[in-house]
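Notes to accompany the following structure.
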Amino acid sequence: MYVAVKGGERAIENAHAWLAEERRGDVAIAELSVEQIKSQLTIAVNRVMAEGSLYDPDLAALAMKQSRGDLIEAIFLIRAYRTTLPRFGNTRPIETSEMECERRISATYKDLPGGQVLGPTFDYTHRLLDFKLAAEGAPTSAPERKASGDLVPHVAEFLNQEGLIEEAPRDDTTPPDLTREPLELPAERALRLQALARADEGFTLGMAYSTQRGYGRTHAFVGELRIGQVAVEMDIPELGFAIEVGEITVTECETVNQFKGSKSEPPQFTRGYGLVFGQSERKSISMSLVDRALRWEELGEDNVGAPAQDAEFVLYHGDNIQATGFLEHIKLPHYVDFQSELELVRKMRREAGADQMPEAAE
Amino acid sequence: MTPLLSVKDVAKYYGPHIGCTDVSFDLYPGEVMGIVGESGSGKSTLLNCLAGHLPADRGEVFFDTRVDGPRDTLKMREPERRLLGRTDWAFVHQHARDGLRMGVSAGGNVGERLMAVGARNYGDIRANAQDWLGRVEIDASRIDDRPTTFSGGMQQRLQIARNLVTGPRLVFMDEPTGGLDVSVQARLLDLLRGLVRDLGLSAIIVTHDLAVVRLLADRLMVMKSGHVVESGLTDQVLDDPQHAYTQLLVSSVLQV
Amino acid sequence: MTDYNFAYLDEQTKRMIRRAILKGLAIPGYQVPFASREMPMPYGWGTGGVQVSAATLTPDDTFKVIDQGADDTTNAVSIRQFFEKTADVETTTETSEATVIQTRHRIPEEPLSEDQILVYQVPIPEPLRFLEPRETETRKMHALEEYGLMHVKLYEDISRHGHIATAYAYPVKVEGRYVMDPSPIPKFDNPKMEMAAIQLFGAGREQRIYALPPYTKVVSLDFEDHPFDPSKAPHPCGLCGAEHSYLDEVITDDQGGRMFVCSDTDYCEKRRAAGHVGTLTQEAAA
């Protein structure tokens, strides 16, 4: 005898309790602290902040702990929290030319003012598992040098002095805000960049990679990649001037791309741009490549039908919170839809004489 | 008599390059106008401007609408122009793939224009589609097959059926025989001639093939470098070309 | 969750959503873009409906949530608990008691009244989406009322299968103007959409809200000679004997045994309480 399924509420409560138990894991092993996550899994924390669009390492680390290390779940927690925060106002644009660089490299010049600063990079490590890390080792320290305090000029400015690269004039118009207005197309570059800055790292990487393999090729070099702290300033109306409200770490990438020139423009280099919270090199380089590929129309290039040239495709599919939600919603009960399909298939099979449906048990 | 289409001083530029310029002519009901010239002469640009597929930079294109009489289609709002595009106008593309829905059956392809203007009886739509497949010599048994399974000539004939099913008053054709084998071309031309005569179609046909205009067009415009260099009755232009370029065009065909 | 505003969303956001709702009501069937917020539940799990409900609920409301017709499916429970916590509104499972009903995939069997609001969760608001993937193009098609393609799809169904092969999310035309996706309700529910209650549709991930004011004309697309057929499984409910309610098929054993019961649990329970019996209840009693 069929009994209508009741007790959904208790099932959910029990599932949540089990989840909490699994999250904690073996109680004989010390619990992971948020501080530990924040200070030792920094790249993951950065990703959660970048794609969560909220610069708060403590909350990002908490979200990672709560999500059992599922970064997209952690990003989701951050986004859901962020959306409830009141807005006090907008900061001034950050000045990346005044960045205190931890890392600053250029692929287009061997040496240049400000120098090549490798910083804490995986780049030249041999990817060999370091079994020493399996044991708790003594803290290591790196040699230090006093910061020069000099401003590090942007590489693109060197090219600009010769007129070899497109102008990127300062534009102080308020950019649209994806989190406050619906995404509408065609999307201007500022909006595209905003969407890319919070887009899924894997998606952005895949799109960027596809341009390198010929699907909308843009011949990109990393003109400059810089990582470091910048001051965040805000105008306080009551004071009448801007005060520094904090410092954030960002990764900025500017690519230098080939450009054949058009009827109205002589050949010159063009730019792709990426800016991401924290140390997020892969994401910022990917972002620059995709940004550049999306600019085909403005630069009078051909649309070769590549996915990375298609703003509607990129912008509608890059957000991992939208994507994962919709993907996973097919786990939800769909038996009403399925039932109507079932009836239809049965009807069509009956008409085709394909089978004799067994009568329902009654 | 009011011209069906009255073109006045139409021009289109691509940056500093001339697409076409200083084009004016009248097309009367039941008339077929041929536009010939080599590739790059501006004939396809002109056709696309007239049909509203490309925005013209200058000029007027008056079409004698059923309800309001002559209206400048270049100044029409997009909804009105698109409505014309699926009712009184038809456009036959050089490549059938551009004018067909390749994932939709032959019957659906022919029926789409009918449904777009409100036909809601499946049986009637299907009968109509069947009738039109017959008129373009496609076997009725192929009505539920997709155009991907058709030969190039059949696809082109299907495209023509799809366009003519709503009884358009003006048909634009862009190299309708362009991509086809010579033997297939002959059959298609024969078919087109029959349809033009039976239906009293008004049409503008762009082609580089003088045989096509000789067979179909009442009047001819010869284009070179975006300009109309000569126009007149087809036989007159072809048999007694005045402009040096036309003479070259005609003689080059004759020599072949 | 006292840290959050009434019904979770801040007042500014609610105002923005209410504007979209009013615009939707003014242009029935038109998809109004709105700045959907990230909700504490995943996109695709009812965030659009939840935002519309949040902007609609007042402290005096009585709220009901159904998923697949039932009040006790997990997602319905989850959403109901969310509003119990954040809005502290009364909740009910009784259709007639509720002032706001959020639903996924069903319209209640019991006719709704003028003082009720039905909020639908919508996954893909664009009825033309699977014919034309581009949003820029589909918006143009709506603007210019170019819906020929929609009928081409129905034509193809009939030519291939002998009848229209769309069983749920069956497209409708609203007041002779906009073609609208009714959300994935079974086509059986389509005729109910001409109702006394206000119907609001929220698509969170796709950032669209649309609406039907009371008594709006809603016509399911069809052909004169292949009329729309809102049929369902040809059985009565095994529990309450209802002949005209939408049924879930339940597999009862591994021998191919199955039974059919009302998908609308509240409707079924009420009928049974009123003494109606189905074949299964009779057998059990015997």
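Proteins come first, then strands; the chains are lettered A, B, ... in the order of their sequence lines, and each starts at number 1.
With respect to chain A, the highest number of heavy-atom pairs below 4.5 Å among Ala35(C), Gly278(C), Gly204(C) belongs to Ala35(C). Taking Ile321(A), Asp177(A), Leu185(A) one by one and counting their heavy-atom pairs under 4.5 Å with chain C, the maximum is reached by Ile321(A). The greatest number of non-hydrogen atom pairs below 4.5 Å with chain A, out of Arg205(C), Gln255(C), Gln207(C), is found for Arg205(C). Counting heavy-atom pairs closer than 4.5 Å to chain C, the top-ranked of the candidates Pro182(A), Gly325(A), Pro333(A), Ala15(A) is Pro182(A). Put simply, of Arg106(C), Gln81(C), Glu135(C), Lys232(C), the one with the most heavy-atom pairs under 4.5 Å next to chain A is Glu135(C). Interface remark: of the candidates Gly238(C), Pro123(C), Ser263(C), Pro123(C) forms the most heavy-atom pairs closer than 4.5 Å to chain A. Options Thr47(C), Asn75(C), Asp10(C) differ in how many heavy-atom pairs under 4.5 Å they form with chain A, and the most are formed by Asn75(C).
A distance of 7.0 Å separates CZ in Arg79(A) from OH in Tyr43(C), rounded to the nearest 0.5 Å.
With a 4.5 angstrom heavy-atom cutoff, Phe76(A) touches chain C only via side-chain atoms. The contact between Thr179(A) and chain C is made entirely by backbone atoms, counting heavy-atom distances below 4.5 Å. For Glu184(A), the part lying under 4.5 angstrom from a heavy atom of chain C is the side chain only. For a residue to count as touching a neighbouring chain, one of its non-hydrogen atoms must lie under 4.5 Å from one of that chain's; by this rule Leu183(A) touches chain C with backbone and side chain alike. Within the 4.5 angstrom heavy-atom criterion, no atom of Asp189(C) approaches chain A. Proximity to chain C is limited to the side chain of Tyr316(A), based on heavy atoms less than 4.5 angstrom apart. For a residue to count as touching a neighbouring chain, one of its non-hydrogen atoms must lie under 4.5 Å from one of that chain's; by this rule Ile164(C) touches chain A with the backbone only. Looking at Leu9(C), neither its backbone nor its side chain comes within 4.5 Å of chain A, counting heavy atoms on both sides. In this structure, the portion of Glu343(A) lying under 4.5 Å from any heavy atom of chain C is its side chain and not its backbone. Heavy atoms of Asp310(A) lying under 4.5 Å from chain C belong exclusively to its side chain. Both the backbone and the side chain of Gln322(A) come within contact range of chain C, with heavy atoms under 4.5 Å apart.
A 4.5 Å side-chain heavy-atom check between Phe313(A) and Arg134(C) finds every atom pair outside the cut-off. The closest side-chain heavy-atom distance from Thr83(A) to Tyr8(C) is below 4.5 Å. Between Tyr246(C) and Ser340(A), some side-chain heavy-atom pair lies under the 4.5 Å cut-off. Considering only heavy atoms from C-beta on, Asp248(C) stays 4.5 Å or farther from Phe338(A) through its side chain.
Smallest separation of non-hydrogen atoms from Ile12(A) and Thr74(C): CD1-O, 3.3 Å. When all heavy atoms are compared, the tightest approach of Glu328(A) to Trp45(C) is O-CZ2, 3.4 Å.
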Using the rule given for side-chain contact (heavy atoms from CB on, under 4.5 Å), can you reason through Phe326(A) versus Ile124(C), listing the C-alpha separation, both sets of side-chain angles and the distance that settles it, and then say yes or no? CA-CA 10 Å; Phe326(A) 197 55; Ile124(C) 301 271; 3.9 Å; yes
Q: In sequence, state the C-alpha distance, the side-chain angles, and the governing distance for His163(C) and Leu344(A), and then conclude on side-chain contact (heavy atoms from CB on, under 4.5 Å).
A: CA-CA 10 Å; His163(C) 45 77; Leu344(A) 185 67; 3.9 Å; yes
- Task: Apply side-chain contact (heavy atoms from CB on, under 4.5 Å) to the pair Gln339(A) and Phe188(C), showing each step before the final yes or no.
- Result: CA-CA 11 Å; Gln339(A) 185 65 36; Phe188(C) 171 81; over 6 Å; no
Open item on the list: Would Val336(A) and Tyr168(C) count as a side-chain contact (heavy atoms from CB on, under 4.5 Å) here? Give the steps.
Closed with: CA-CA 9 Å; Val336(A) 164; Tyr168(C) 63 92; over 6 Å; no
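The closest donor-acceptor contact from the side chain of Gln68(C) to the backbone of Tyr335(A) lies under 3.5 Å.
Here Arg198(A) pairs with Glu38(C) in a salt bridge; the nearest charged N to carboxylate O distance falls below 4.0 Å.
Between the side chains of Arg104(C) and His329(A), no donor N or O sits under 3.5 Å from an acceptor N or O.
Among Arg37(C), Gln12(C), Met16(C), the one residue that satisfies the side-chain contact (heavy atoms from CB on, under 4.5 Å) test with Arg180(A) is Arg37(C).
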